[in-house]
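In what follows, a structure is listed as structure tokens, so that the remarks can point back to it.
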Amino acid sequence: MNANIKTVFEYLILIGTSAGCSFHKPDDLPRTPNIVVFLADDLGYGDVACYGNPIIKTPNLDKFSKEGVILTDCHAAGTVCSPSRAALLTGKNPYRSGFYNILGGNIFLASNEITIPKILKSRGYETCFVGKWHLSVLEKNKRNDPGPSEQGFDYWMGTTHNAFDGPANTKEFVRNGVPVGQVTGWYCDVIANEASYWLRRKRDTSKPFFLYVASHEPHTPISPPKKYSDMYDSPKVDSLEKTIKYGYVRRPERNIAANKKEYYGTVTQLDNSFGKLISTIDSLGLKENTLIFITSDNGPENPVTVEESLDKWEDSTRDKCFGSPGIYRGMKRYVYEGGHRVPGIVRYPGAIPPGTKSDKLFNGTDLFPTICDLVGIQLPGNITYDGIANFNAFLNKETKRHVPNIWFYPNYEDTYFRLPEMEMRSGEYTLIGWLPPKPDSMKLDNWFFNNGPVKYELYDLSSDPGQQNDLAYKNPEIVYSLKVTMAKLWERMRDEGKRNNFINK
């Protein structure tokens with residue numbers, strides 16, 4: 001029997017269980033390392049120099065990568081903002097928490113969710129969040145949404161959404177529940193400065209800390225300082241841009257090439273802000289006992305096309321989107337690899353060898369159980385975790401998964417008619433699943449909650465990383481074995497989120 005098929009049959013038995021961990025931290029390393037997570041917004045797999053981008057200069061990330069490990073199979077747990085952020089903090093597929101789409105309506109992170117900062121506080125950690133929250137409304141509202149404080153952060157300054165009135169001099173920041181008013185400077189610089197201020201002046205230096213920093217950049221609106229965009233205003237850049245891949249996703253016929261310098265400059269500006277934060281950490285003597293993980297919430301954004309808008313709406317701010325998923329198919333919102341395979345770089349001196357690469361899969365849901373294992377906290381037994389304790393991935397070592405990773409699309413009016421709804425990974429195989437077409441007479445939610453996948457595509461990433469050669473018709477036995485697991489995961493995760501929305505919100 002094919003080994004992949006046998007593995008899938010094992011999945012059917014073990015589906016819905018959490019997995020143990022094969023990594024044990026060496027005895028000479030402390031059990032309470034500081035932990036920093038830096039989350040970029042819409043940064044593509046192919047947007048960073050150390051991931052192969054031939055245009056964009058990212059000297060700080062390049063230097064940082066030489067001090068740790070580059071993950072080449074790192075994934076956000078969702079294909080858009082809010083779902084990925086929920087999964088990162090909870091260790092669960094975002095559908096389980098009701099994040100079928102971005103924040104709005106009845107979609108927000110419930111106060112009873114167990115998050116990384118909550119569980120770390122039980123071990124004496126001090127916690128801080130700075131940047132884009134997008135898991136609840138931070139401003140006062142009738143629903144009284146649970147915010148960062150209720151999710152375990154001792155100190156925080158953030159915005160509910162992106163800085164749509166920016167990215168410079170935004171008025172949208174709230175600090176510890178109090179509106180800040182207009183700030184001076186670009187979003188990424190403001191949050192790097194705030195995080196540095198907390199590290200230098202506000203934290204209790206007798207305690208270990210968890211710091212979560214989430215940037216606006218390079219999400220729209222895109223408007224970096226001129227000194228950054230001018231770096232990319234040249235014939236050489238014009239020529240090199242023609243070699244960049246955009247996930248096999250169609251781009252507008254109108255000429256938007258003049259905007260590319262804005263995007264490239266924004267990524268370099270973000271790199272500079274990240275470098276300033278790392279400089280603060282290192283100057284405070286925290287380098288040796290601090291694990292730092294930088295990644296992105298999903299794949300890169302693409303300009304609006306007729307296929308998406310059906311000529312009913314426009315968004316000119318997206319004409320500045322020149323992010324790339326590298327060799328992978330799909331962009332933000334897509335369940336193909338380019339929608340969720342993202343940069344991931346980790347530094348932890350003494351535990352992670354410097355200047356290394358790992359091709360072992362690390363998903364956003366793995367962060368919660370990995371941190372718990374690292375500090376010696378047992379996972380709560382009454383919760384189904386979709387991630388695994390996976391420090392091994394940072395060492396380029398395999399950790400056995402008993403349940404395959406699965407990614408879902410954001411369910412809303414601009415996506416359901418044109419995108420597949422799910423991708424599941426089993427070894428090097430990816431199975432793409434499509435729901436049946438929605439009848440015009442049926443409401444979107446009724447269609448969503450009453451259907452499962454009926455059409456499939458199968459790809460072998462080892463020989464076809466761009467997912468261009470559909471193997472489904474040639475390998476019906478593999479499709480059959482995988483689709484059973486996919487359908488079960490789709491139904492269980494989707495319906496658990498519906499129950500949680502009804503009971504807890």
Side-chain angles (χ1 to χ4, degrees), residues 30-39 82 85-91 97 103 108-141 144-160 172-181 183 187-188 190-216 273 276-278 280-281 283-287 289-294 367-372 374-377 379-380:
R31 266 297 187 186
T32 53
N34 305 310
I35 300 167
V36 178
V37 176
F38 192 104
L39 188 68
S82 302
R85 294 159 201 272
L88 200 70
L89 290 181
T90 66
S97 300
L103 170 69
F108 62 92
L109 194 64
S111 59
N112 66 339
E113 292 279 4
I114 304 300
T115 62
I116 291 174
K118 282 182 181 178
I119 208 160
L120 285 178
K121 282 169 68 69
S122 71
R123 287 297 302 271
Y125 275 71
E126 191 168 15
T127 57
C128 174
F129 162 71
V130 183
K132 176 182 172 181
W133 181 239
H134 218 201
L135 293 172
S136 62
V137 176
L138 299 181
E139 294 79 9
K140 291 183 179 179
N141 58 88
N144 196 25
D145 282 8
S149 297
E150 289 74 21
Q151 299 300 350
F153 288 102
D154 298 309
Y155 180 97
W156 58 273
M157 186 182 85
T159 59
T160 294
E172 298 182 6
F173 276 109
V174 179
R175 181 187 286 114
N176 299 323
V178 180
V180 173
V183 297
Y187 197 104
C188 59
V190 169
I191 62 173
N193 290 339
E194 184 75 9
S196 295
Y197 168 74
W198 180 80
L199 287 167
R200 292 184 184 278
R201 303 290 181 86
K202 301 296 291 186
R203 70 184 175 93
D204 183 343
T205 57
S206 69
K207 295 181 178 181
F209 64 82
F210 172 65
L211 172 62
Y212 171 37
V213 182
S215 74
H216 157 96
S273 296
K276 289 180 179 178
L277 178 59
I278 298 304
T280 296
I281 291 169
S283 69
L284 291 172
L286 300 169
K287 179 176 181 178
N289 189 36
T290 301
L291 183 152
I292 303 174
F293 176 41
I294 179 169
L367 185 65
F368 183 105
T370 298
I371 288 176
C372 286
L374 194 63
V375 303
I377 297 176
L379 291 177

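Since the model is a prediction, treat every value here as computed from it, not as a measurement.
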Heavy-atom side-chain proximity of K276 to C188 below 4.5 angstrom: no

Which residues share a side chain to side chain contact (heavy atoms under 4.5 Å, CB included) with R175, sequence neighbours left out: Y155, M157, V180, E194

Among R203, K121, K118, the one residue meeting salt bridge (Lys or Arg N to Asp or Glu O under 4.0 Å) with D154: K121

Distance-minimising heavy-atom pair for G177 and W156: N-CZ2, 3.1 Å

Trace of the side-chain contact (heavy atoms from CB on, under 4.5 Å) decision for S215 with I191: CA-CA 7 Å; S215 74; I191 62 173; 3.9 Å; yes

Residue list, ring-ring contact (aromatic ring centres under 6.0 Å, His included) with F129, at least two apart or on another chain: W133, F153, Y212

Candidate pair L89 and Q151, rule side-chain contact (heavy atoms from CB on, under 4.5 Å), full reasoning: CA-CA 9 Å; L89 290 181; Q151 299 300 350; 5.7 Å; no

Heavy-atom pair of closest approach, residues L277 and S196: CD1-OG, 4.0 Å

W198/E126 under side-chain contact (heavy atoms from CB on, under 4.5 Å): CA gap, chis, key distance, verdict: CA-CA 11 Å; W198 180 80; E126 191 168 15; 3.9 Å; yes

N34 side chain reached by L211 side chain, heavy atoms, under 4.5 Å: no

Test applied, side chain to side chain contact (heavy atoms under 4.5 Å, CB included); reference residue, F173; option that passes from V178, V190, L138: V190

Under 3.5 Å donor-acceptor, D204 side chain and S206 backbone: yes

side-chain contact (heavy atoms from CB on, under 4.5 Å) between L284 and R200, worked out: CA-CA 8 Å; L284 291 172; R200 292 184 184 278; 3.9 Å; yes

